[in-house]
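We use all heavy atoms of the structure for the numbers below, so side chains are in, but hydrogens, waters and symmetry mates are not.
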Amino acid sequence: MEEPSDDFLCSSLDYEPIPERRKILEDLIGRFQEYDNLLIAFSTIRGLPRATPRHVTQMQRWHDQYRDAIENAERHDLGHEDDMIQLLPRPTSFFALVLTKIPLLHRVFQKAQRADRDGKSIATYWSDTALNSFATLLTLLAGLGMLLGSCWWLDQIPENASRLGLISGSVTVFALGLWGAMGNRPAEVLIGTATYRAILVIYLSH
């Protein structure tokens, strides 16, 4: 009996007596592999985050500045802005995005344009690493200030009802600030908020 070959995943196909049917099975295996590759590629694309309104606006400004770079007939994004995605998503907190709106910080974190770029470009470039590090530093200082400030304030309030109100308000402000610093990560926000509240309660009990 002929030994099965390594061409198929199922060795029983090697014993197919009808050549025509064997040819069809060979074609089907290739088609299924192609379908699997397309399905994996589609799933990968669906997993990418959508383009933010800021990205859409920046792209439209680029097209307005370089009107002859791409013909309108080749611009498949026209009318399909909701279908745009981020090919290289960079996780940036809401706090860091707010810092980019401060004109003074533009000069601090702004980077020089590369020599191969158009000198007339309206685009500005800044260091994401430096900006995120600065946002992280401010977040740590703010969190430490809220923790120490709340503990100091609790010492100045003798009434339990007022202390409860201070803890409730501080925890709410801390949770909102943590959400702005960490982005849409509810598990981490809840863990950080619970830890902050536990520290205040333990300090109050002593």
Heavy-atom check, side chain of [X] versus side chain of [Y], under 4.5 Å:
| X | Y | result |
| --- | --- | --- |
| Leu154 | Ile167 | yes |
| Leu164 | Ser168 | yes |
| Ile29 | Arg31 | no |

Atom CZ of Arg163: over 12 foreign heavy atoms under 6.0 Å:
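It does: Arg163 CZ has more than 12 such atoms within range.
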
Show me the side-chain donor-acceptor pairs of residues 134-152 shorter than 3.5 Å, one per line, residues at least two apart or across chains.
residue, atom, partner, partner atom, Å
Thr136, OG1, Asn132, O, 2.8
Thr139, OG1, Ala135, O, 2.7
Ser150, OG, Met146, O, 2.7
Ser150, OG, Ser170, OG, 3.3
Ser150, OG, Tyr196, OH, 2.9

Separation of [Y] [atom2] from [X] [atom1] (nearest 0.5 Å):
| X | Y | atom1 | atom2 | answer |
| --- | --- | --- | --- | --- |
| Ile202 | Arg197 | CD1 | CZ | 10.5 Å |
| Leu190 | Thr195 | CG | OG1 | 10.5 Å |
| Phe174 | Ile199 | CZ | CD1 | 8.0 Å |

How is the hydrophobic cluster of Val56 composed, in terms of its other members, when Ile, Leu, Val, Met, Phe, Trp and Tyr link through side-chain heavy atoms under 4.5 Å apart, directly or indirectly?
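Members besides Val56, by chain and number: Met59, Met84.
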
Shared hydrophobic cluster, Leu166 / Val173 (ILVMFWY, side-chain heavy atoms < 4.5 Å):
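Yes, one cluster joins them.
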
Listed pairs under 3.5 Å, donor-acceptor, residues 34-46 side chains, sequence neighbours left out:
residue, atom, partner, partner atom, Å
Asn37, ND2, Gln33, O, 3.2
Ser43, OG, Leu39, O, 2.9
Thr44, OG1, Ile40, O, 2.9

Heavy-atom pair with the smallest gap, counting every atom of Ala175 and Val189:
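So the two residues come closest at O-CG1, 3.9 Å.
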
